[in-house]
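Data first, discussion second: the structure below is written as structure tokens.
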Amino acid sequence: MRNVSKSRRHRQPRERCRGVATPRRLTHDAAVFDCFFLSWATLRPTDRPMSSPQKPDRLEQARIDKLEKIVALGHDPYGGRFENHASISSVRGKCPEASGTPGDAVRIAGRIMLRRKAGKLRFFDVADSSGSIQVLCSRGDLGEEQWELLSQFDLGDLIGVDGKMWRTDSGEVSIFADRLHILSKSLAQPPEKFHGASDVELLLRHRSLDLIYTEGVRDRMLLRTKIIQSVRNTLNSRDFVEVETPVLHAVAGGAAARPFNTHHNALDIPLFLRIALELHLKRLMVGGIERVYEIGRVFRNEGIDATHNPEFTMMEVYQAYGDYNAMMDLTEAVVVEAVKVVKESGVRSQESGDPSRDREGAEAAGDSRLSTLNPQLTLPWKDSTIDFTPPWPRKTYAELFREHAGCEMSDQAAVRAKAKELAAAGKIKHEFIQRMETTEIHPDVIVGEVFEAMVEDALIGPIFVKDYPASLCPLTKRKKDDPTVAERFELFIHGMELANAYTELNDPRLQEELFRTQLAGLAEEDSMAKMDREFLQALKIGMPPAGGLGIGIDRLVMLLTNSRSIRDVIFFPLLRPER
RNA sequence: GAAGGCGUAGCUCAGUCGGUAGAGCAACGGACUUUUAAUCCGUAGGUCGUGGGUUCGAGCCCCACCGCCUUCACCA
């Protein structure tokens, strides 16, 4: 809390300044800097955030000098409304075929990406969100004032251009500039023009730079948006209703994870950031919203690595009067529709330069299964491909356990022996074996450990793993003919767990009992059995039998964009603050 | 949390055995009216992540710390 109020103290005076310093030619930059230094000086030295601008370095100073020249020429270096400009991709098509003849008059706006000189000619490559184009400026055709203005342009500046479409002698599509406008003076030196920036930390801390200068980053992030849009479309077209439920929870339930702690001052109560969407959505189902979903951020206070960010995006959907079989069908639909969107986008995935590579690769490999698959539904993944063509296999947990572990999961002695074997091979922690030998651990927990070590990585998929040991699933309905088995499935693709679904438990008394009984061998924080009275009360009112499904959106985007790190699909992943 | 790797100019990177800190791009000045990472000539630019230590002398060796990456651990 202290940190928050501290940073607000920094921010307020500066934001106020920004309001005062409305662009007034000539005095504009002076006003900014007066204000800036004023607020700066009022801060005690220890309050100064390290990330805030320090005194300008030599490169920044060179740009400030140019900014001042721009002001002296009577231009606002930070521009203003710039109307009726066209997208760069749209004007490219208007270029005359023959070089040296003027085409249509156009107006564009964008960022200077490259600059070249040839005598009294200046070439700028200007890019907007649709593409880039060359702007040609001729000393002989522009007035003194315009030439003076463009001489103050640097890489990274945002400019507007009025001109006519023009093809150069070498055939390059260009705009022959008639009039130039400065729209925003960049004070920061861009990365090296050929190699770009490659330091991962630099790119993550300055994602804006990454988006501008690293090939493919913006396309991939925008593809994320399209994928999420597709998920919404799929659900909406099936009459599911999107809602928003609280992020601040008094009890962080619905999943087994450690929450972030926070505090409400006026109420003076502890609160938690949600770790799942589940319980509120079920309460809405009780309230009569029979098909309901939410796509939202959840927070888990755990480790950070290539597949885990402390905050991530989860989609949870509930369908009254359905069950987990209905959820398997829905999962296939949601993912397949998203795959189609990715295929249609034509955005190149991270490591295959050519979007059609997966098909050619499959044929070249001569794999009969791959060559007969629907090429529309394959996407590249690392060195291979993922075939999303439905229907995906649906195998039971017990079946897969038998297949990969070589023994029945009901054979406790054999399972224990297997666990020890895996520990010797370094695939299961020795501590777990010690606990297994010395304390009483539920047999299903041991089975779960062996399953994770032997089966999960081997699941190429997409494959639905269904019918989990019931004791691992306190929010799930048991099978009618076998109460030791829960109607739950997980979707695995290349060892990654993408979806998790249940036939939801709607018996309030059984639910309360499951919350109450702590599973032997599990710490409380590792269990989902957190008593939530509001939720139990809702179940007493009566929740329809239902199917429920959760999909990790970030992981879905990773799989569909061939991204190995979750940081490649989140704009601002959490980093330790710089000191 | 553990092990390994990395941190040098705004950016991308060299830096030999411990002996004056290097290049390309970018910047600045100049030449060039059809360039495509333009080219050519010149100038300037460094708290070698931070702090200690060893040494006549440390970017380099040692210790601690900070950050990032990889693998592992944790992780519905």
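Basis for what follows: all heavy atoms, side chains included, without hydrogens, waters or symmetry-related copies.
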### Query
Among B:A37, B:A76, B:U34, which is the nearest nucleotide to the side chain of A:Ala118?
B:U34
### Task
Between B:C66 and B:U47, how far apart are the C1' atoms? Round to whole Å, please.
16 Å
### Query
Whole-Å distance between B:G10 P and A:Leu209 CG?
14 Å
### Query
Given the P atoms of B:C32 and B:G49, what is the spacing between them in whole Å?
43 Å
### Message
Which nucleotide, if any, forms a Watson-Crick or G-U wobble pair with B:C72, using both distances under 3.5 Å?
### Response
B:G1
### Summary
Closest of B:A76, B:U35, B:C11 to the A:Gln134 side chain is B:U35
### Query
Counting only Watson-Crick or G-U wobble pairs whose two distances fall under 3.5 Å, which nucleotide matches B:G19?
B:C56
### B:C25 and B:C62, which share atom name C1', separated by this distance in whole Å
37 Å
#### Entry: Criterion ring-ring contact (aromatic ring centres under 6.0 Å, His included) on A:Phe451 and A:Tyr397, from CA distance to verdict
CA-CA 9 Å; A:Phe451 189 89; A:Tyr397 193 93; 3.9 Å; yes
### Query
So, are A:Lys66 and A:Asp154 salt-bridged, with charged N and O less than 4.0 Å apart?
yes
## Note on the structure
Among B:U36, B:A76, B:A37, the one nearest any side-chain atom of A:Tyr502 is B:A76
#### Entry: salt bridge (Lys or Arg N to Asp or Glu O under 4.0 Å) between A:Glu97 and A:Arg167, intermediate numbers included
CA-CA 7 Å; A:Glu97 282 307 313; A:Arg167 196 174 290 270; 3.7 Å; yes
### Summary
Closest of B:U33, B:G67, B:A38 to the A:Arg205 side chain is B:G67
### Query
Taking for each residue the nucleotide of RNA chain B with the nearest heavy atom, is it A:Leu59 or A:Phe176 whose nucleotide lies nearer the 5' end?
A:Leu59
### Query
If you measure from the C1' atom in B:C40 to the same atom in B:C60, how many Å do you get, rounded?
37 Å
#### Entry: Interatomic distance where CG belongs to A:Leu114 and P belongs to B:U36 [whole Å]
12 Å
### Summary
Out of B:C11, B:A76, B:A27, minimum distance to the side chain of A:Asn500 belongs to B:A76
### Query
Looking at B:U35, B:U12, B:A76, which one has an atom nearest to any side-chain atom of A:Glu192?
B:U12
### Message
Categorize A:Ile275 for me: base, sugar-phosphate, or nothing, with a 4.0 angstrom heavy-atom threshold over every strand shown.
### Response
nothing
### Message
Going by the rule side chain to side chain donor-acceptor pair (under 3.5 Å), which residues pair with A:His195 if we only count those two or more places apart in sequence or in a different chain?
### Response
A:Glu192
### Task
Tell me the partner of B:G67, counting only Watson-Crick (N1-N3 plus N6-O4 or O6-N4) or G-U wobble (N1-O2 and O6-N3) with both under 3.5 Å; none if nothing fits.
B:C6
### Task
Considering only atom P, compute the distance from B:G5 to B:A21 and round it to an integer number of Å.
27 Å
### Task
Sticking with atom P, work out how far B:C61 lies from B:G67, rounded to a whole angstrom.
23 Å
#### Entry: Given B:C68, B:U12, B:U35, the nucleotide with the shortest approach to the side chain of A:Arg576
B:C68
### Query
Looking only at atom P, what distance separates B:C11 and B:G30, rounded to whole Å?
27 Å
### Query
How close or far is atom P of B:U34 from atom CZ of A:Arg122, stated in whole angstroms?
13 Å
### Query
Can you tell me how far C1' of B:A27 sits from CZ of A:Arg58, to the nearest Å?
7 Å
### Message
Roughly how many Å apart are B:G52 and B:A58, using the P atom of each and rounding to a whole number?
### Response
13 Å
### Query
How would you label the contact of A:Glu490 with the nucleic acid (heavy atoms, under 4.0 Å): base, sugar-phosphate, or nothing?
nothing
### Message
Nearest whole Å is fine: how far is B:A38 C1' from A:Lys117 NZ?
### Response
12 Å
#### Entry: Under-4.0 Å salt bridge between A:Arg283 and A:Glu278
no
### Task
Report the nucleotide, chosen from B:A38, B:A73, B:C11, that has the shortest atom-to-atom distance to any side-chain atom of A:Asp305.
B:A73
### Task
Would you mind telling me which of B:C11, B:U33, B:A37 lies closest to the side-chain atoms of A:Lys193?
B:A37
#### Entry: A:Phe194 CZ - B:A38 P separation (whole Å)
11 Å
Show me the donor-acceptor pairs within less than 3.5 Å that the side chains of residues 490-499 of chain A make with the rest of the protein, sequence neighbours left out.
{"unit_1": "A:Glu490", "atom_1": "OE1", "unit_2": "A:Tyr468", "atom_2": "OH", "d": "2.9"}
{"unit_1": "A:Glu490", "atom_1": "OE2", "unit_2": "A:Arg488", "atom_2": "NH2", "d": "2.9"}

### Task
Please determine, for the side chain of A:Ser198, which listed nucleotide (B:U12, B:U35, B:U33) has the closest atom?
B:U12
### Task
Using whole Å, report how far CG of A:Asp125 lies from P of B:U36.
11 Å
### Message
For a quick test of reading the model: is some side-chain N or O of A:Lys66 closer than 4.0 Å to OP1 or OP2 of B:C28?
### Response
yes
### Message
Whether A:Arg116 contacts B:A38 is assessed here as follows: a side-chain N or O lying under 4.0 Å from the phosphate OP1 or OP2. Is that the case?
### Response
yes
### Query
At under 4.0 Å between heavy atoms, what does A:Gly552 touch on the DNA or RNA strands: base, sugar-phosphate, or nothing?
nothing
### Query
Which is true for A:Arg300 with a 4.0 Å heavy-atom rule: it touches a base, it touches only sugar-phosphate, or it touches nothing?
sugar-phosphate
### Summary
Checking N1-N3 plus N6-O4 or O6-N4 for Watson-Crick, or N1-O2 and O6-N3 for wobble, each under 3.5 Å, the partner of B:C40 is B:G30
### Task
Using a 4.0 Å heavy-atom cut-off across all strands, classify A:Ser138 as base, sugar-phosphate, or nothing.
base
### Main-chain N/O of A:Val557 paired to A:Arg220 side chain as donor or acceptor, under 3.5 Å
no
### Message
Just to be sure I understand the rule, does A:Lys120 reach a base, reach only the sugar-phosphate, or reach nothing, if contact means heavy atoms closer than 4.0 Å?
### Response
base
### Task
On RNA chain B, check which nucleotide each of A:Glu449 and A:Gly196 is closest to and give me the residue with the more 5' one.
A:Gly196
### Message
Tell me whether A:Lys164 is salt-bridged to A:Asp104, with the criterion being a basic N under 4.0 Å from an acidic carboxylate O.
### Response
no
### Message
Salt bridge check, A:Lys477 against A:Glu487: does any charged N sit closer than 4.0 Å to a carboxylate O?
### Response
no
### Summary
Atom CD of A:Glu316 and atom P of B:A76 are separated, to the nearest Å, by 14 Å
### Query
Within the structure shown, what part of the strands sits under 4.0 Å from A:Arg555 by heavy-atom distance: base, sugar-phosphate, or nothing?
nothing
